[in-house]
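Here is the naming used below: chain letters follow the sequence lines, and residue numbers restart at 1 for every chain. When reading the values below, keep in mind they use all heavy atoms of this one structure, side chains included, and skip hydrogens, waters and symmetry mates. These numbers were taken from a predicted model, which means no experiment stands behind them.
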Amino acid sequence: MSGKIVLIDGHSILNRAFYGLPDLTASGGRHTGAVYGFLNILFKILEEEQPDYLTVAFDTHAPTFRHKMYEAYKGTRHPMPEELREQVPLTQEVLKAMGVPIVMKEGFEADDILGTLSVKAEREGLDVSVVSGDRDLLQLATEKVLIRIPRTKAGKTEITDYHAGDVEEAYGLTPPQIVELKALMGDTADNIPGVPGIGIKTATKILKEYGTVENAYAHVENIRPQKAMTALRDHYDSALLSEKLAKINTDSPVELDLEKARLENLFTPEAYEMFRDLGFKKLLTRFEADPAAEKRVVEVRTVTGLQEADALLKKAAGTDRAGLYLLQQTDRKSGKCRVYGLGLSLPDQKGGVGGTYYIPAGGFVTENLLLDAVRRIAGECPLLCTFGFKEMVRAAELPESAEGSVFDIKIAAYLLDPLTSDYSFDTIAKDCGTERVLSAEEIFQSKKIPLPEQMEEDKAAVYAGETAFTALAAQPLLERKLEENGMLALFRGMEMPLVYVLADMERAGIRVLPEELEQYGNRLTEGIRQVEASVYEQAGETFNINSPKQLGEILFEKMKLPGGKKTKTGYSTAADVLEKLAPEAPIVRDILEYRQLTKLKSTYADGLASFIADDGRIHSVFHQTITATGRISSTDPNLQNIPVRMELGRQIRKVFLPAEGFVFLDADYSQIELRVLAHLSGDRKLIDAYKMEKDIHAITASQVFHVPFDQVTPLQRRNAKAVNFGIVYGISSFGLAEDLGISRKEAAEYIEQYYQTYPGIRSFLEGLVTSAREKGYSETMYGRRRPMPELKSSNFMQRQFGERVAKNAPIQGTAADIIKIAMIRVNRRLKQEKLRSRLILQVHDELLLETAKDELETVSRILEEEMTGAAKLAVRLEIDMHTGNSWYEAK
DNA sequence: TCGCTGAGA
DNA sequence: GCTTGTCTCAGCGAT
């Protein structure tokens, strides 16, 4: 018999993969990095070797004979981290799905199994490759048995191969002598004692001369270095024990089943499903080459004729479900929207997908015709399935339709797993196990998706068509999952209605005066010039102050300021560090001022100017699928971090103005997160504190520091305020100390006193951690989830992080939910009452409205009612409202 | 592309 | 002994 078999040391390779690769987590927080690495090594070896047979050996969980022996001798092995442990059964499942036999035997280690199988295979006349990270296995090498040891080097796996001859070359010893070597030198990693005082050099020398330990002992008197002689003489027992420990059993009761081991198709449908669930996207591509597992790629038919297009669009409006994707592009400057085509997917009778089409705009099929069709379908079709609905709302100016009649798969995917950043249609398709679609990368043969105007029409057709297909095909599963997770109400009643509000805000934009913005920038430039000159003078040279590297060298090396390295790459020059090091040093003051000025200039003055559109307004983009906690985010530009704390920065708000005839009305929630905490925790004392309707931080100070309310000092209030904020973030004594400039001990006392004062808070926060640990996620009042894979980490720091996040996410998230509700309700009221006033911005706990002067009173009332009434909490929700002729005045 | 820095809640 | 308060986005320099 001839042929080749590959034998794999499962645990050992898994171990290599675990430590050699960054930790990956699939959705749901399962760790998968080691499995992924294992498979990569496996595939690499199979490609190289093209073997006929494959078998993987694993240790059993029960302690084996050899374990017991050395554990009895000395301690235990270091325990396997939990992240790795949970991947062992997972790997076995994957192998099973691929039809690869796994051999395990109670009481025997993988080593022994590999040894036995390799001997048996060799006897059968096979070439054998044993793959393991463990050099102990070198003792198995022969002319026909190859030992292969992979190493991960800079992310790449390199494999070193040993036949018997290679072992001799590398160690100067025959493979069987490797056992003797271990017997003498020992192996701390494996708890093999060896002979104390004999290391690899002496051991090799002795074995070269005497061949075996036994023979060496017989001639012990002749052994050269005196020390080695006495060591061997005195510890011969230990050497014999070590030999037993190191010797791999090649006669274990396991069978070599070549029928099962025969390599056939690894890429089975079962394996495909597992890879997909585990998020091994790269590995999925291996299935393409295999016709059996190949899934048909969705076909998109391009429809150009007016009549045919018209018929199709009518049909879409008439069906009970339709998948729709509008390929359009909005010009940033003009705000004009161009429509390039419409992807459309229709169901079949059985609830599957019937056909997928692309209707390009052109000829008789005008852009307006397509937009009208979208409006009609949105209005008539009972379930419109989309991907990125906000863009469609903006392009077609869709009015809000009945709850439950639109389903955005992107938003659904976000709610189900808000931690990823990839909500591309092809990823959603894979996650939902629909028919195969091409990814954007495959369609355009580039990482970047081109703008619609640059797309070739045939590619645009596939892109838009498959997106529409995915929307339709993935919707049922996504809806079921939302239902299962109790998030359907959140999705239908909050996230989908919010889409219209965000679309309105984006369309509205905010007015900015370009001339004044430029003047502001010029003032900054002047200031920058002066401070810059001062810095260079004090440094004695010119350099780039914006370069932390150069700055660090100047400050800490040339000028010899106290304080050393803080970051991986060099000196930290962050403001708080500099502040602490040399608060008095004039150059530090100047640098901090320089930083402030250049930040304002580049990010705000110049940055904002580049976004002013032809209508004199900035139309920022609001994202609904970014944050882990449910907040919305803003980009291009980010209008949620416009300066306010420092006066100079705050000035920039003077260039944000309401339209002619309007004023700004700004309303922000008063300590919404703390109120949410009071509500969720149910802490009587904190709730009562809010019922007193006085300054909450002062009340806290009074209660925590045991002083009468009217004798609370400003410092006490400030400290109490910092604790109040910190609690919400899962504070540590270190963090609070840092914040307040007090000692850790004092900070710890503050926190303890706080918990004493509000006992419900501590138990509530601890309960959040426990519950998150059990369930694997945290939850807001409205059922929004945030997965918490970190809580299961074996890494202390990661786990600590997980605990803080578990405390913060439900609070921050609930506050985010509440303001989303408020936004929806405010927007609806404005429309219902046919007001000209409109929502312009949301800044997490604040809403900015452009209000018609004659509507000021009405709108104030609406805000008051809808914002405070957005949630019914155990404490009142309160808002502060201001009007003004600029954002500066209104805040 | 990554890390640092700093703006906001 | 080690770490050290949440969530973001943008600009810059170094790689």
Side-chain angles (χ1 to χ4, degrees), chain A residues 418-419 421 447 543-552 566-578 591-592 594-608 610-611 620-623 626-646 648-650 652-653 668-669 671-674 677 722-740 744 747-748 751 765 778 786 790 795-813 815-816 819 841-847 891:
Chain A
L419 295 192
S421 54
K447 287 246 179 211
F543 62 101
N544 190 340
I545 310 174
N546 281 323
S547 160
K549 190 166 169 246
Q550 293 181 36
L551 180 60
K566 263 214 84 179
T567 65
K568 281 164 276 188
T569 47
Y571 303 105
S572 170
T573 62
D576 53 333
V577 176
L578 296 186
I591 287 164
L592 294 175
Y594 174 88
R595 285 244 177 95
Q596 199 195 348
L597 294 174
T598 50
K599 175 87 178 183
L600 291 172
K601 172 86 169 114
S602 66
T603 306
Y604 297 105
D606 298 349
L608 289 175
S610 69
F611 283 103
S620 167
V621 182
F622 292 100
H623 303 270
I626 301 288
T627 71
T629 50
R631 279 186 173 177
I632 58 180
S633 78
S634 147
T635 63
D636 304 301
N638 180 0
L639 289 183
Q640 291 180 319
N641 72 343
I642 301 301
V644 70
R645 292 176 195 169
M646 308 280 279
L648 181 61
R650 191 176 195 147
I652 202 164
R653 295 180 173 231
D668 68 294
Y669 279 112
Q671 307 119 14
I672 186 167
E673 294 187 347
L674 206 53
L677 175 65
V723 178
N724 273 335
F725 272 100
I727 290 292
V728 171
Y729 296 146
I731 201 172
S732 73
S733 55
F734 185 94
L736 185 64
E738 194 81 346
D739 198 32
L740 291 178
R744 261 189 78 169
I751 295 172
L765 293 175
S778 71
R786 195 246 196 242
E790 302 94 345
N795 178 312
F796 176 76
M797 203 172 67
Q798 289 233 337
R799 220 167 41 239
Q800 289 283 95
F801 174 74
E803 289 179 13
R804 293 193 296 271
V805 168
K807 291 173 185 171
N808 172 259
I811 300 170
Q812 191 184 115
I819 196 162
L841 288 179
Q842 185 253 42
V843 192
H844 308 310
D845 66 352
E846 167 191 2
L847 297 179
K891 175 76 190 168

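In this entry the distance linking CD1 of A:Ile731 with P of C:dT6 reads 11 Å, nearest Å. Look at CZ on A:Arg631: it is 8 Å from C1' on C:dT8, rounded to the nearest Å. Rounding to whole angstrom units, CZ of residue A:Phe796 and P of C:dC2 are separated by 12 Å. Straight-line distance from the CG atom of A:Asn808 to the P atom of C:dC7: 6 Å, rounded to whole Å. Between A:Leu674 atom CG and C:dT6 atom P there is a gap of 18 Å when expressed in whole angstrom units. For the pair A:Phe801 CZ and C:dT4 P, the computed distance is 11 Å after rounding to whole Å. What separates CZ of A:Arg799 from C1' of C:dT3 is a distance of 12 Å, to the nearest Å. The separation between A:Lys807 atom NZ and C:dC7 atom C1' is 17 Å, rounded to whole Å.
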Report all side-chain donor-acceptor pairs from residues 725-735 of chain A shorter than 3.5 Å, counting only partners two or more places apart or in another chain.
residue, atom, partner, partner atom, Å
A:Ser732, OG, A:Phe734, N, 3.4
A:Ser732, OG, A:Gly735, N, 3.0

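For A:Phe734 and A:Arg786, each mapped to the nucleotide of DNA chain C holding its nearest heavy atom, the one lying further toward the 5' end belongs to A:Phe734.
Residue A:Thr629 places none of its side-chain N or O atoms closer than 4.0 Å to OP1 or OP2 of C:dC7.
Using a 4.0 Å heavy-atom cutoff across all strands shown, A:Arg744 reaches at least one base atom of the nucleic acid. At the heavy-atom level, A:Ser733 lies nowhere under 4.0 Å from the strands shown. At the heavy-atom level, A:Ala722 lies under 4.0 Å from base atoms of the strands shown. The residue A:Leu736 sits apart from the nucleic acid: no heavy atom pair falls under 4.0 Å. Within the 4.0 angstrom heavy-atom criterion, only backbone atoms of the sugar-phosphate kind lie near A:Val644; the bases stay farther away. Across all strands, A:Ala816 comes closer than 4.0 Å to no nucleic acid atom at all (heavy-atom distances).
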> What string of B, S and - do you get for nucleotides 9-15 of chain C, 5' to 3', when a contact is any protein heavy atom under 4.0 Å?
Replying inline: BSSSSS-
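Note that CD1 of A:Ile632 is 9.0 Å distant from OG1 of A:Thr627, once rounded to the nearest 0.5 Å. Atom CG in A:Leu674 sits 4.5 Å away from atom CG in A:Asn724 (nearest 0.5 Å). Remark: A:Leu608 CG to A:Ile642 CD1 distance equals 5.0 Å, nearest 0.5 Å.
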>> side-chain contact (heavy atoms from CB on, under 4.5 Å) for A:His844 and A:Ile672? Distances and angles first, verdict last.
In response: CA-CA 10 Å; A:His844 308 310; A:Ile672 186 167; over 6 Å; no
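The side-chain contact (heavy atoms from CB on, under 4.5 Å) test with A:Arg595 is passed by exactly one of A:Ile545, A:Asn546, A:Leu551: A:Leu551.
Annotation: salt bridge (charged side-chain N to carboxylate O under 4.0 Å, His left out) contacts involving residues 635-644 of chain A, sequence neighbours excluded, are absent.
Reading DNA chain B from its 5' end, the first and the last nucleotide to sit under 4.0 Å from a heavy atom of chain A are B:dC4 to B:dA9.
Look at the P atom in both C:dT4 and B:dT5: the space between them is 15 Å, to the nearest Å. Taking atom P in both B:dC4 and C:dT3, the straight-line distance is 15 Å, to the nearest Å.
Checked by atom type, the side-chain pair A:Gln842/A:Gln640 shows a donor-acceptor distance below 3.5 Å.
For A:Lys599, there are no salt bridge (charged side-chain N to carboxylate O under 4.0 Å, His left out) partners two or more places apart in sequence or in a different chain. The side-chain hydrogen bond (donor to acceptor under 3.5 Å, both in side chains) test applied to A:Ser778 returns no partner, not counting sequence neighbours.
Scanning atom types as modelled, one donor and one acceptor separated by under 3.5 angstrom connect the side chain of A:Gln812 and the base of C:dT6.
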